[in-house]
Amino acid sequence: MEKEKIILGIETSCDETSAAVLRGDALLSNIISSQIEIHRRFGGVVPEIASRNHLTAVLPVIDEAVSAAGIRLSDIDAIAVTYGAGLVGALLVGLSAAKALSYSLGVPLYAVNHIEAHIAANYISSPNLKPPFLAVVASGGHTGVVKVSGYNKFALLGTTSDDAIGEAFDKVARAIGLPYPGGPEIDRRAKQGNPDIEFVSRKNKNSYVLSYSGLKTAVVSYLHNLSQRGIEPQINDVCASFQKTAVDMLVDTAALAVKKTGIKTVVLAGGVAANSYLRERISGFKQMGCEVHFPPMSLCTDNAAMICARARDMIREGLPSAALDLNAVSYLKIETENSL
Ligand code: KG4
Ligand code: ZN
């Protein structure tokens with residue numbers, strides 16, 4: 001029997017420094033050092049500060065992942081690293097560490113697309129999941145529905161034409177005066193509010209195209225209008241109404257994808273997949289005869305376990321490893337179905 005490959009994954013695309021070790025199907029460690037507290041006072045991620053903090057965290061986090069996994073560096077068979085999408089300076093820190101390890105250990109380096117990795121997180125939490133399936137991607141930088149027709153075959157069906165859903169959560173939270181990151185806080189407050197404020201008219205149910213910038217502007221204008229009239233906004237109602245509109249738009253797009261493709265397995269991916277209302281709505285797809293999968297919270301937001309999971313499928317299907325001149329690609333995307 002072939003020896004199970006040990007993969008060390010590294011993730012530094014935004015404000016989490018993470019390293020993980022995967023052996024075959026077993027996740028041996030997944031260490032996440034979050035910078036959220038550092039960026040909170042600025043109301044969002046400051047790219048230069050993120051890079052500097054990745055620099056100090058990356059080696060201790062890798063050390064911890066290796067020792068928590070109970071392995072030695074010499075046991076590692078491959079290094080996997082996020083090369084995009086993300087903040088370029090932040091990505092370069094992970095890339096440099098990954099290249100140095102790959103070179104010094106004499107093992108291949110795998111270049112991982114961060115969005116594909118968010119989707120692959122589902123293989124860790126749902127070991128029986130197999131393509132084809134639809135992935136509802138909802139993160140701070142990306143939003144859309146991806147058709148996964150093979151372990152290494154991803155096609156974007158629909159996406160946002162402007163802001164990502166998580167970005168909209170964070171910007172609306174900031175306008176209301178809630179701390180960064182706004183998503184969890186809006187989620188919490190929405191549970192105590194009424195979702196009956198109409199911010200924008202709903203999207204065209206027959207189109208894959210999403211847009212979040214208009215919704216964000218509508219919330220900001222609503223707050224401005226109340227403040228000019230000296231009226232205090234009902235923050236919990238604003239949260240519930242914004243969240244309902246933002247999530248319903250994405251859920252409509254996912255429902256359209258189920259209808260058009262006939263694919264009846266749906267997974268959630270990305271930081272906003274932690275949202276309780278999004279989980280509830282996607283769970284409702286079971287009534288359409290769908291099978292539904294969600295990663296646990298720890299695998300929804302950025303982590304290196306998902307980087308390992310993605311690289312495992314690249315290795316299994318013989319995809320090429322990367323050369324040591326691999327660069328960061330800030331705007332790395334998944335190709336749309338039509339352009340494939
Ligand atoms: O995937 P992620 O960790 O980073 C990116 O790749 O962008 O996603 C971070 C995003 C942030 O915008 C954060 O506000 C959002 O995920 N988020 C949530 C929740 N938890 C995290 N949004 C809504 N509800 C949540 N419970
Ligand atoms: Zn992410």
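Note that ligands are numbered from 1 as they come in the structure, with each ligand's atoms numbered from 1 the same way.
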Under-4.0 Å heavy-atom contact with ligand 1, by part of His142 that carries it = neither
request  = Ignoring hydrogens and angles, state whether a donor on the side chain of His54 or Thr12 is under 3.5 Å from an acceptor on the partner side chain.
outcome  = no
query = Got a sec: is His114 within less than 2.8 Å of the Zn ion (ligand 2) via an N/O/S atom?
reply = yes
ask   = So, Arg310 and Asn152: side-chain donor and acceptor under 3.5 Å apart, yes or no?
value = yes
note = The protein heavy atom nearest to atom 24 (N) of ligand 1 is Asn275 ND2, 3.0 Å
key: Minimal non-hydrogen separation, Gly271 against His118, with atom names   = N-CE1, 4.2 Å
Closest protein heavy atom to atom 13 (C) of ligand 1, given as residue, atom name and distance to 0.1 Å = Asp170 OD1, 3.8 Å
key: Test item: side-chain donor near acceptor, Tyr277 and Asp248, under 3.5 Å   = yes
Ligand 1 contact by Cys14, heavy-atom criterion under 4.0 angstrom = no
query = Backbone or side chain, does any N or O of His118 fall under 3.5 Å from an N or O of ligand 1?
reply = yes
ask   = Can you tell which of Asp302, Ile186, Thr301, Ile36 gets a heavy atom nearest to atom 4 (O) of ligand 1?
value = Asp302
task = List the atom of Asp163, the atom of Lys216, and the distance in Å for their closest heavy-atom pair.
result = OD2-NZ, 3.5 Å
inquiry  = Report whether any nitrogen, oxygen or sulfur of Cys14 sits less than 2.8 Å from the Zn ion (ligand 2) (N, O or S, backbone or side chain).
reply    = no
inquiry  = Ignoring hydrogens and geometry beyond distance, is a side-chain donor-acceptor pair present between Asp252 and Tyr208 at under 3.5 Å?
reply    = no
inquiry  = Quick check: Gly270 and ligand 1, any N/O pair under 3.5 Å apart?
reply    = no
key: Minimum-distance protein heavy atom relative to atom 15 (C) of ligand 1   = Val272 CG2, 3.8 Å
task = Name the closest protein heavy atom to atom 22 (N) of ligand 1, giving the residue it belongs to and the distance to 0.1 Å.
result = Gly183 CA, 3.3 Å
query = Roughly how far, to the nearest 0.5 Å, is the CD1 atom of Ile307 from the CD1 atom of Ile10?
reply = 10.0 Å
key: Shortest protein heavy-atom distance from atom 26 (N) of ligand 1, along with the residue and atom involved   = Asp187 OD2, 2.9 Å
query = When rounded to the nearest 0.5 angstrom, what distance separates CD1 in Ile315 from OH in Tyr110?
reply = 4.5 Å
note = Between Lys3 and Asp75 the two heavy atoms that sit nearest each other are NZ-O, 4.2 Å
query = For ligand 1, which atoms, with element, lie under 4.0 Å from some heavy atom of Gly166?
reply = 12 (O)
task = Considering only non-hydrogen protein atoms, determine which one is nearest to atom 21 (C) of ligand 1 and report residue, atom name and distance to 0.1 Å.
result = Gly271 O, 3.4 Å
ask   = Which is closest to atom 7 (O) of ligand 1 in terms of heavy atoms, Ala269, Gly140, Ala173?
value = Gly140
ask   = Would you say Gly141 and ligand 1 have an N/O pair spaced under 3.5 Å apart?
value = yes
key: Close side-chain approach of Phe294 and Ser283, heavy atoms under 4.5 Å   = yes
note = Output field for angle at the Zn ion (ligand 2), His118.NE2 vs Asp302.OD1, rounded to 10°, should show 100°
Asn303 and Glu11 side chains, donor-acceptor separation under 3.5 Å = no
key: Contact check, His114 vs ligand 1, heavy-atom distance below 4.0 Å   = yes
